[in-house]
A.B. asks: 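Here you go, one structure.
First listed ligand is number 1; within each ligand, the first listed atom is number 1.
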Amino acid sequence: MFRKILIANRGEIALRILSACKDLGIRTVAVYSEADRHSLHVRFADEAVCIGPAKSSLSYLDIPSVVSAAEITNVDAIHPGYGFLSENAGFAEVCELSGIKFIGPKPDVIRTMGMKQDARAAMERAGVPVLPGSKGVLSGQEDALATAERIGYPVMLKAVAGGGGRGMRVVAGPAELPSLYHQARQEAGASFSCPDLYLEKYIAAPRHIEFQVLADEHGNVEILGERECTIQRRHQKLIEEAPSPCVTPELRASIASHLREAMKAVGYTNAGTVEFLMDEAGRLNFIEVNARVQVEHPVTEAISGVDIVKSQILIAAGVPLPEILGGPVTLRGHAMECRINAEHPESFVPSPGRITGLNLPGGIGVRVDTAAYTDGVIPPYYDSLVAKLITTGRNRAETIARMNRALDMFVVEGIYTTIPLHQRILADADFLAGKFDTGFLNRFKRNG
Ligand code: ADP
Ligand code: ADP
Ligand code: MG
């Protein structure tokens with residue numbers, strides 16, 4: 001087993017990984033930027049190393065700095081969390097070359113999953129249903145026009161290296177394709193240092209449903225059911241729940257059996273998420289693989305009883321999955337997560353600053369994952385996530401009642417948060433009935 005792990009991240013996920021290490025009796029090294037000197041992950045780690053200035057390209061994204069910190073502190077492994085270097089195949093490779101275990105899939109698998117058109121091809125070969133789209137990267141505007149013609153409008157142009165909901169354009173017809181093609185290429189080049197695009201059928205009113213995968217280094221794969229992540233703003237998730245109100249046991253079992261084969265076929269190891277869009281006919285179509293732990297992993301932990309982050313560490317240490325899980329996994333009850341962001345609840349404009357007052361809710365069925373504290377500062381340089389509020393109940397109604405109670409008792413003073421928006425969503429009749437698609441929030445906000 002590892003003696004010491006470096007956590008190459010910040011905020012709530014750095015604390016989450018730190019907790020898993022403590023549970024396993026593994027020592028921890030935190031890394032931090034100058035803006036995060038007073039963060040809780042620094043305070044609670046056994047050792048901490050400053051890796052650079054606030055700007056993430058000079059600290060949390062700077063591979064030489066992170067690897068030097070790992071070498072100086074003599075760690076056995078690095079957990080990358082989500083975002084930052086978590087899906088950077090080059091970083092995973094450097095770790096491997098430095099004799100440090102990267103807690104995640106193998107570099108070549110990360111690379112394939114990160115190029116979304118390659119991931120699509122790999123899944124299609126393994127028999128997973130995939131949205132109709134281009135074969136590989138679009139070679140130019142002519143190729144885009146011909147492909148769109150073949151699969152039929154509307155289509156979506158997407159950055160092959162995309163993430164975080166950026167680099168996507170909906171194209172309604174051939175007239176607007178050329179200008180959107182150039183816009184998308186520019187945005188992709190600027191955001192992901194790779195302008196390449198692919199194209200797939202646009203689903204007008206989809207639900208986003210994703211499956212949690214755990215795969216060990218001995219060929220065992222377990223699927224821990226699905227999460228419903230349809231409540232989004234700007235293609236970014238806001239509320240997630242498990243199980244999905246619209247996935248039947250038959251559909252769940254069928255996708256899980258496809259995925260067990262597909263993940264084995266691509267040589268996938270460690271934790272990962274396979275994302276699907278549900279179309280109007282109720283079919284699930286693959287969109288991408290996130291080769292890392294996800295923000296919303298706690299809802300799956302709540303209904304499965306499996307500690308996903310601890311499992312990641314044990315898998316990386318070579319422990320077989322049957323031993324980690326200790327028997328068949330059964331999914332019980334319901335769980336929901338509200339992402340509490342430092343944002344204005346109406347405009348979504350970021351609202352960084354000092355937290356002058358804070359009350360975190362608790363009680364039965366409530367979990368809060370956060371690195372926030374009174375007088376702590378939410379810096380403007382990073383993601384706006386302040387806390388994840390997760391509730392659990394025997395069914396969806398009990399889970400929602402507990403979420404309402406917890407949101408009422410969640411007080412954050414000094415900055416704007418998305419708490420009031422969550423309260424309004426949780427009072428909406430369609431939301432309560434489980435009837436929604438990814439356009440829910442836009443319509444909801446328009447109707448005030
Ligand atoms: P999840 O399903 O875990 O929420 P997201 O795609 O929202 O997945 O990404 C999780 C985090 O990683 C978010 O903070 C997001 O901003 C960040 N992220 C994901 N992909 C990228 C990327 N390519 N570049 C920068 N940030 C990213
Ligand atoms: P990212 O890597 O940024 O997370 P995804 O491919 O996972 O990108 O897509 C993010 C979101 O964008 C989806 O959850 C969905 O809301 C929307 N989206 C992506 N592809 C399509 C599509 N083909 N049709 C309709 N909506 C889509
Ligand atoms: Mg995605």
A.B. asks: Could you tell me whether any N, O or S atom belonging to Glu275 is less than 2.8 Å from the Mg ion (ligand 3)?
C.D. replies: yes

A.B. asks: Side chains of residues 122-135: which donor-acceptor pairs under 3.5 Å do they make with residues two or more places apart or in other chains?
C.D. replies:
residue: Ser134; atom: OG; partner: Gly136; partner atom: O; Å: 3.2
residue: Ser134; atom: OG; partner: Leu199; partner atom: N; Å: 3.0
residue: Ser134; atom: OG; partner: Leu199; partner atom: O; Å: 3.4

A.B. asks: Are Ile78 and Ile7 side-chain neighbours, meaning at least one heavy-atom pair lies under 4.5 Å?
C.D. replies: no

A.B. asks: Using distance alone, determine whether Gly165 and ligand 2 share an N or O pair under 3.5 Å.
C.D. replies: yes

A.B. asks: Enumerate the atoms of ligand 2 whose separation from the nearest heavy atom of Glu200 is less than 4.0 angstrom.
C.D. replies: 20 (N), 21 (C), 22 (C), 23 (N)

A.B. asks: Kindly list each side-chain donor-acceptor pair under 3.5 angstrom involving residues 243-251, sequence neighbours excluded, with atom names and distances?
C.D. replies:
residue: Ser244; atom: OG; partner: Glu228; partner atom: OE1; Å: 2.7
residue: Ser244; atom: OG; partner: Cys246; partner atom: N; Å: 3.1
residue: Thr248; atom: OG1; partner: Leu251; partner atom: N; Å: 3.1

A.B. asks: Just jot down the ligand 2 atoms closer than 4.0 angstrom to any heavy atom of Gly162, in number order.
C.D. replies: 2 (O)

A.B. asks: One residue to check: Leu277. Relative to ligand 2, which of side chain, backbone, both or neither has a non-hydrogen atom less than 4.0 Å away?
C.D. replies: side chain

A.B. asks: So, is Lys201 polar-close to ligand 2, with some N/O to N/O distance under 3.5 Å?
C.D. replies: yes

A.B. asks: Please find the N/O/S atom of Glu288 nearest to the Mg ion (ligand 3) and write down its name.
C.D. replies: OE2

A.B. asks: Once you restrict to heavy atoms under 4.0 Å, what part of Leu131 touches ligand 2? Side chain, backbone, both or neither.
C.D. replies: side chain

A.B. asks: Counting heavy atoms only, which of Arg234, Glu288, Lys158, Arg166 comes nearest to atom 7 (O) of ligand 2?
C.D. replies: Glu288

A.B. asks: Of the non-hydrogen atoms in Gly81 and Arg292, which two are nearest, and what is the gap between them?
C.D. replies: O-CB, 4.1 Å

A.B. asks: With respect to Glu240, which candidate in Arg207, Arg339, Arg227 satisfies the salt bridge (charged side-chain N to carboxylate O under 4.0 Å, His left out) definition?
C.D. replies: Arg339

A.B. asks: Determine whether Lys55 and Glu34 satisfy the following criterion, salt bridge (Lys or Arg N to Asp or Glu O under 4.0 Å), listing intermediate values before the conclusion.
C.D. replies: CA-CA 9 Å; Lys55 204 167 187 279; Glu34 282 163 13; over 6 Å; no

A.B. asks: Looking at Tyr382 versus Tyr60, is the centre-to-centre ring distance below 6.0 Å?
C.D. replies: yes

A.B. asks: Can an N or O of Ile203 be found at a distance shorter than 3.5 Å from an N or O of ligand 2?
C.D. replies: yes

A.B. asks: If we only consider heavy atoms of Lys116, is any one of them less than 4.0 Å away from an atom in ligand 2?
C.D. replies: yes

A.B. asks: Any atoms of ligand 2 less than 4.0 Å from a non-hydrogen atom of Gly164? List them with their elements.
C.D. replies: 3 (O)

A.B. asks: For ligand 2, which atoms, with element, lie under 4.0 Å from some heavy atom of Gly163?
C.D. replies: 1 (P), 2 (O), 3 (O)

A.B. asks: Taking all atoms of both residues into account, what is the closest heavy-atom pair of Phe286 and Phe276, and its distance?
C.D. replies: N-CD2, 3.3 Å

A.B. asks: Should the ring pair Phe440 and Phe431 be called parallel, tilted or perpendicular, given that the plane angle runs from 0 to 90° and is split at 30 and 60?
C.D. replies: tilted

A.B. asks: Using a strict 4.0 Å cut-off to heavy atoms of Met168, name the atoms of ligand 2 that fall inside it.
C.D. replies: 3 (O), 8 (O), 9 (O), 10 (C), 12 (O), 19 (C)

A.B. asks: Which ligand 2 atoms are under 4.0 Å away from a heavy-atom of His208?
C.D. replies: 13 (C), 14 (O)

A.B. asks: Can you check whether Cys95 reaches Lys101 side chain to side chain, under 4.5 Å on heavy atoms?
C.D. replies: no

